There are 2 protein chains.
Amino acid sequence: MTEVLRLLTRAQKLLRAAADEAMSRHGVRVGQNLVLEVLWETDGLTPGELAARLQVTTPTVVNTATRMEAAGLLVRRRDPADGRLVRLHLTPKARAAEQPIAEARRLLAEHATATLTDEERRHLHSALQKIIERMTESTPPTGPGDDAD
Amino acid sequence: MTEVLRLLTRAQKLLRAAADEAMSRHGVRVGQNLVLEVLWETDGLTPGELAARLQVTTPTVVNTATRMEAAGLLVRRRDPADGRLVRLHLTPKARAAEQPIAEARRLLAEHATATLTDEERRHLHSALQKIIERMTESTPPTGPGDDAD
DNA sequence: TCCAAATCGATAGCAAGCTAACGATAAGGC
DNA sequence: GCCTTATCGTTAGCTTGCTATCGATTTGGA
């Protein structure tokens, strides 16, 4: 029963490592790739907006943005209308990386699921969605022995 | 096509967060739980052996072991026969946590997959195994545009 | 109008993963 | 029998997550 959790962890770890290696070949780390994906579509978002879309906390985005700024992938601009806001804008360098990185991601996904039939892919997709729905919509059980030491 | 990867990442993240919360209630963090699982079965392993079983690097185990030592969950003992080796031994405190933590893990797995039928669970299991096999036994594609900046 | 409350990004510090480099100990070859 | 080499664990430093807290700015109420 708990075996499925282990497999899920292992698969995700292998995929993340492969993605990081592939992205690194284009000068982008795996976490930064997620930020890029959103900003390619909608440039000039704030860290908070980005965090909400990525389902990650704001500090995570702030730190990633700092590294990406150092790498020349984006710039921070203060919002002229609201001084609390910071807007993240991609540089030409980041835009140039869009096609190759998107392609790398597509190739990885294809490779990882190459031994699955279309039906197996659909089954996997729906099973994962059910788990996600379950975990987001109901609180996991507490269990009887709550001894926090 | 790349959607499956996103779902897999999201599901794993939700499960890991839920596991961390559940384990923390018993004074153990999610990473430490993995070390415990192995040592409950086979006490006195070296960091290297443990890393191999967990499919993690040795420094990861060393750092986790240091935190667990500080938390009073294990002790380091130099191997008398080979001075290079360090053996990790669980404390009574760690042994006392075995039942409740194993139960918490079982409950979490049950909860997460509660909305799946047995057949869906089998499908999920085999699909994940196929992906893992694929990722471990063949090198992912490089892609045409290898511009490392 | 001015001050309290809310909002937002940044910082500090932790967990858990990684690679690279270092130091100590064992083992083997000459 | 010594000295090179291999094998360990550890440390340093990175990425990517998290929570908690701080500082600055805006907003709203009195």
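Treat the numbers as computed from the prediction; the structure is a model and nothing was measured. Below, chains carry the letters A, B, ... as their sequence lines are ordered, and counting in each starts from 1.
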Report task. Determine the minimum heavy-atom distance between A:T136 and B:R10, stating which atoms define it. Result -> CG2-NH2, 3.5 Å
Requested in this report: Provide the closest heavy-atom pair for B:I131 versus A:A112 in the form atom of the first, atom of the second, distance.
Outcome: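 Between these two residues, the closest heavy atoms are CG1-O, 3.7 Å.
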Report task. List in chain and number order the residues that pass side chain to side chain contact (heavy atoms under 4.5 Å, CB included) with B:E69, two or more places apart in sequence or in another chain; answer none if no residue qualifies. Result -> B:L74, B:R76
Query raised in the report: Which nucleotides of nucleotides 16-28 of chain D have their base under 4.0 Å from a protein heavy atom (B), which only their sugar-phosphate (S), and which neither (-), written as one string 5' to 3'?
Result: BSBBB----BS--
Query raised in the report: Between B:R76 (CZ) and D:dT11 (C1'), how many Å, whole number?
Result: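 So the two atoms are 12 Å apart, to the nearest Å.
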Requested in this report: Calculate the interatomic distance between A:L73 atom CG and D:dT15 atom C1'; express it in whole Å.
Outcome: 15 Å
Query - Nucleotide interval of DNA chain C bounded by contacts with chain A (heavy-atom cut-off, under 4.0 Å) - result: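 The contacted stretch runs from C:dT7 to C:dC18.
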Using a cut-off of 4.0 Å on non-hydrogen atoms, how would the nucleic acid contact of [X] be classed: base, sugar-phosphate, or nothing?
{"X": "B:R87", "value": "nothing"}
{"X": "B:T66", "value": "nothing"}
{"X": "B:V62", "value": "base"}

Between the main-chain N or O of [Y] and the side-chain N or O of [X], is there a donor-acceptor pair closer than 3.5 Å?
{"X": "B:S24", "Y": "B:G27", "answer": "no"}
{"X": "A:T66", "Y": "A:V62", "answer": "yes"}
{"X": "A:T91", "Y": "A:L73", "answer": "yes"}

Query raised in the report: Among B:V28, B:V30, B:L15, whose side chain to side chain contact (heavy atoms under 4.5 Å, CB included) with B:D20 holds?
Result: B:V30
Query - Pair B:E49 + B:R53, salt bridge at N-O below 4.0 Å - result: no
